[in-house]
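Below: the structure, in structure tokens.
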Protein chains: 2
Amino acid sequence: MSDPTSSELPNTAEAGQLSYAIFQLARAHRAHAAAMLRAMNLHPGQELLLMQLFDHDGRTQAELLERAGLDHSTVSKSLRRMQEAGLLTREPASHDRRVMVVHLTNAGRALQEPIADMWRTLEQVSVSNLTPDQIQAFTTCARIIEKSVRDHSRQSPGE
Amino acid sequence: MSDPTSSELPNTAEAGQLSYAIFQLARAHRAHAAAMLRAMNLHPGQELLLMQLFDHDGRTQAELLERAGLDHSTVSKSLRRMQEAGLLTREPASHDRRVMVVHLTNAGRALQEPIADMWRTLEQVSVSNLTPDQIQAFTTCARIIEKSVRDHSRQSPGE
DNA sequence: CGCCATTACTTGGCTAGCCACACAATCGGT
DNA sequence: ACCGATTGTGTGGCTAGCCAAGTAATGGCG
């Protein structure tokens, strides 16, 4: 059966051991999260917006997209679908009618615990074969790498 | 300007520090890769299939999708677009006419070095603020986590 | 006061990626 | 030799996500 989708490093990525590992890890991680989200009738990415609303209900669309780090159009469409699914409501703000204020419905709020459970499960599975020291070191490094990449992206976005 | 899309951990992900860090890191990482791929007229994901062909030209579609870890439909459509872009050719195998054998064109082969450069750049940026020990430890942990997640996904796909 | 730049959001168009279904070729058992 | 199961691929339909262009409301400047 030759275990499926195991990470065999292509020669072309020989010089990108760490980067390729991130790539493969993210794939597996996201697939696992997607499976759990499906069980609660959510699509990957929607949980990020909901989590921002759990933290502070009644945010504007602009606040949501900045905090989630997504494009306006992505957020606009995603919110519309979640509204149609009955998870939230969108209303123009009274003081500025361009702004759309987003509120959770009861159905939306009901997903807070399931989503928190998903993260707990994901975390538990992820760290299951690591020592506490490794967990700490890995998380720290992940944030350092993220910052490095982000900073570099800002300097030379084209390449 | 309150640095954009910096990883502020939502309360709902409080119990998923490491998982959320992977999530954010993958986003930044992928965005940076996507920008570089755009510069060579590629879409994210296409480089994975091309790299498999760089390693061994003339693979079948089934080999490509297993090695890249993608759905058959994704590969089918992606290959069609790359064929239309003149990067590769697809022909039915003589011994089994279900099988599609994929070959690189000169235009496709010409992308090998640019893609290798992309990985080198990505790696260089990623590790720029890490010590060699950290790089090694991080890569090792990433693979361990990937394996843990994959193994667990196989046992309980629904949750 | 009026016009223009800015801001907030929407829409259209594209690809990635998944699932589900459909189809054709091959293989296997009887 | 035939019929069913398997395998390899294609298609349709959905959402995520991006970019680019368009619309509407606000704010600022002359």
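Computed over heavy atoms, backbone and side chain alike; hydrogens, waters and symmetry mates excluded. Every chain is numbered from 1 and lettered A, B, ... according to where its sequence line falls, protein lines coming before strand lines.
- If you measure from atom CD of A:E63 to atom P of C:dC9, you get 9 Å, rounded to the nearest angstrom.
- In this structure, CG in A:D71 is found 12.0 Å from OG in A:S78, a value given to the nearest 0.5 Å.
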Under 3.5 Å, which protein N or O atoms sit close to an N or O of nucleotides 13-15 of chain D? Give each pair with its distance.
unit_1	atom_1	unit_2	atom_2	d
D:dG13	O6	B:K77	NZ	2.6

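- Nearest-nucleotide positions on DNA chain D place B:V101 closer to the 5' end than the other of B:V101 and A:R30.
- Considering only residues two or more places apart in sequence or on other chains, B:N106 meets the side chain to side chain donor-acceptor pair (under 3.5 Å) condition with B:R109.
- Using a 4.0 Å cut-off, some side-chain N or O of A:R90 falls inside it from OP1 or OP2 of C:dT10.
- In this structure, CG of A:L37 is placed 14 Å from P of C:dC19, rounded to the nearest angstrom.
- Applying the 4.0 Å criterion to OP1 and OP2 of D:dT9, one finds that B:S76 has every side-chain N and O outside that range.
- Listed by chain and number, the residues in a side chain to side chain donor-acceptor pair (under 3.5 Å) with A:E113 are A:R120 (sequence neighbours excluded).
- Annotation for B:R38: atom CZ does not count as buried by contact number, only 12 or fewer foreign heavy atoms lying within 6.0 Å.
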Strictly under 3.5 Å: I want the nitrogen or oxygen pairs between protein and nucleotides 24-28 of chain C, one per line.
unit_1	atom_1	unit_2	atom_2	d
C:dA25	N3	B:R98	NH1	3.2
C:dT26	OP1	B:R97	N	3.4

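- The ring pair (Phe, Tyr, Trp, His ring centres under 6.0 Å) check on B:F23 picks up A:W119, with sequence neighbours excluded.
- If you take CG of A:D71 and C1' of D:dC19, they are 7 Å apart, rounded to a whole angstrom.
- Proximity of B:T74 to the phosphate of C:dC18: a side-chain N or O atom is located under 4.0 Å from OP1 or OP2.
- Pairs of residues two or more places apart, or lying in two chains, that qualify as side chain to side chain donor-acceptor pair (under 3.5 Å) and include a residue from residues 42-56 of chain B are A:N11-B:D55, B:Q52-B:R67.
- When rounded to the nearest whole Å, the span between CD of B:Q83 and P of D:dT9 equals 13 Å.
- Using modelled atom types, one side-chain atom of A:Q134 and one backbone atom of A:T131 make a donor-acceptor pair closer than 3.5 Å.
- We find the NZ-CD distance between B:K147 and A:Q24 to be 14.5 Å, quoted to the nearest 0.5 Å.
- In this structure, NE2 of B:H72 is placed 14 Å from C1' of D:dT6, rounded to the nearest angstrom.
- With no hydrogens or angles considered, a side-chain donor-acceptor pair links B:R143 and A:Q17 at under 3.5 Å.
- As a whole-Å value, the separation of A:E84 CD from C:dT10 P is 12 Å.
- A straight line from CZ of A:R80 to C1' of C:dC9 spans 13 Å, rounded to a whole angstrom.
- Taking atom CG on B:L49 and atom C1' on C:dA16, their separation rounds to 11 Å, with Å as the unit.
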